[in-house]
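A short write-up of the structure that comes next.
Naming convention: chains lettered A, B, ... in sequence-line order (proteins, then strands); numbering from 1 in each chain.
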Amino acid sequence: MSLAPVKNMLQKVWSTRTGSILREKYKDLAGYRKIGLLGDDLISEEDPVVQQALKRLPPKASYDRVYRMRRAMQCSLSHTLLPPNEQTKPEEDIPYLQPYINELLREKAEREELDALSKRK
Amino acid sequence: MLARSSLSRATTQCLRTAPRYSRTIAAAAGPNPFQFEVSDAQGIKIASRDDGAPTTSLALVVRGGSRYEAAPGLAHALQQFTWKNTDKRSALRVQRESELLGGKIGSSVSRENVVLKAQFLRQDLPYFVEAMADVLTSTRFQHYVFSEEVAPTMQFDLKKLIASPSRLALEHAFGAAFHRGLGASLLATSNKYVNPGSIAQYASQVYNKSNIALVASGAPHAELNKWTIEFFGDLKTGSKASSPSTKYFGGEARVSSAAGSSYIIAFPGTPSPNFKAEYKVLTHLLGGETAVKWNAGFSLLSRAVAGFPGVSAVAKQQHFTDAGLLYITVEGPDALLEKAGQAVVKAINDVTKVSEEEVKKAIAQAKFDVLSEVEDRSVGLELVGQSLIQNGTAPQANVVVRAIEAVTADSVKKAASNILRGKATYAAVGDCHVLPFAEDLGLKI
């Protein structure tokens, strides 16, 4: 049985107003904000597209990312959470990496499309 | 052996038929295919000529070359940022689309201009005019495009320059001759002042209606006018780029390089527009290049270096809006460079004693050079655009040819003694241990 209908339904719920409250709650419960990370810090790096996107980050964003990761690593080692004032606030949790990934995916799709052009008879 | 009578008959026949050829060209009904039609398309100067050929060469000249740049290297960076991502199309799409149409796109930078070029089949004019308008109005100066594509190509251009001692010598000759403005380095030697922000700022300064000209070869003027108005309407108005007027200083520069040895002897030349034909003839009189294979040539410089195997001395000239540079590039085996240089300087000094026949030969070569450049449709569009932006007129080949025909031996000698009276410019690049000083060659610096 395909899971597509379930997925569709979830996406619909997710994009409503109630969904956005649920979304925020889910992110909060995920706990990454408590160790000072942003949502985009959790994107897996083991991917050529993400690697390229990381290279495209502005130097400041790249530096901040490394800083957050080291701090989070330290929290994890010492089994502590950051004091509440240093934890990530919901309004700070912006997608800083995803736009670069989207742009790269768009470039890739465009290249594939242009490479696969054929002559119409 | 040829009989003298047959030779003279052939020559006289040649002379007799010559005017007949020129008459047939003039009489070939309709407008002169070399004549540029000039007009103003809502504030943008355009020029075109239509020889009816199946392909078109289009050049968008932007007055934003290295002499106008606000900080070193911006002109070069701006040139490398052309044909990159715009709001409407990605760089890749523009490239693939122009390939599909069978066209070629490119760009170049000079001391005066940044030029966008395209060559294509004549029915595709609207596409390429629009693509050029996109570059000017909506290029995205993205920081990662700079670091991934623009900066490496700029580095590569610089490496190519450094690998060529004669080009490097010319760069230093410009520096010694004009100090700032025209003397500024054409390419970015470092990225100290160059970043996406400063490039975008420079672009917004030079990409404006009164600072550009569109020149086409092989396109109907009405079409070009129509599409320019349609696609360049969004371009903002502004003022022409300006730089302090050029002063010729002259001087000496020596730079050591492992790439090889070469030096340049330069004198002030003639600007374009306001072209002085005797300087053009003088360049051809000095010459140095051969028109016939397996032969050193018979110009003054070719004869001067004939006794030095492997040495070449070639005179060329570059024209800018308010100055020009006539330069002689000397290249060859290290051991012969000094002696050859002395012979070259002697040949330059002897121009004032040149015979009438030599000048006639140079005039014929200059005429040929001008006309063949006009026939090669992609060459010379930049100079037309430069002149359009400067004073709204296009240099016409027949006017230039007429001016060249009017040159006399006396006017050439006068021009030569004029430049010899002033200070020369000398730039040597290579092995400084063997390269001569200007003084050794007998040059007045």
*Can you name the residues that form a salt bridge (Lys or Arg N to Asp or Glu O under 4.0 Å) with A:D64, not counting sequence neighbours?*
A:K60
*Salt bridge or not for B:R93 and A:E113, using N-O below 4.0 Å?*
yes
*So which bits of residues 114-152 of chain B come within less than 4.5 Å of chain A, counting non-hydrogen atoms only?*
B:H143, B:Y144, B:E148
*Do any N or O atoms from the side chain of A:Q87 and from the backbone of A:L82 form a donor-acceptor pair under 3.5 angstrom?*
yes
_residues 226-233 of chain B: residues contacting chain A (heavy atom under 4.5 Å, by number)_ = none
*For A:Q74, does its backbone N or O pair with a side-chain atom of A:S78 as donor and acceptor, under 3.5 Å?*
yes
_Donor-acceptor check, side chain of B:N208 to backbone of B:S239, threshold 3.5 angstrom: yes or no?_
yes
*Quick one: do A:E86 and A:R33 make a salt bridge, cutoff under 4.0 Å?*
no
*asked:* Main chain of A:D93, side chain of A:K27: is a donor-acceptor contact present, judged purely on distance under 3.5 Å?
replied: no
*Check: B:S198 main-chain N/O paired with B:N195 side-chain donor or acceptor under 3.5 Å*: yes
*asked:* Counting only heavy atoms not in A:E24 (residues, nucleotides, ligands), do more than 12 fall under 6.0 Å from its CD?
replied: yes
*Below 4.0 angstrom, N of the basic side chain to O of the carboxylate: do A:R65 and A:E45 qualify?*
yes
_Would the distance check show the side chain of B:S164 and the main-chain N or O of B:L161 forming a donor-acceptor pair, the cut-off being under 3.5 Å?_
no
*Under 3.5 Å, is there a donor-acceptor pair between the side chain of B:W83 and the main chain of B:V94?*
no
*Got B:L186 and B:E171 here, is their nearest side-chain heavy-atom distance under 4.5 Å?*
yes
*asked:* At under 4.5 Å between heavy atoms, what parts of residues 54-79 of chain B are in contact with chain A? List them by residue number.
replied: none
*asked:* Please classify the contact between A:L57 and chain B as side chain, backbone, both or neither, with a heavy-atom cut-off of under 4.5 Å.
replied: backbone
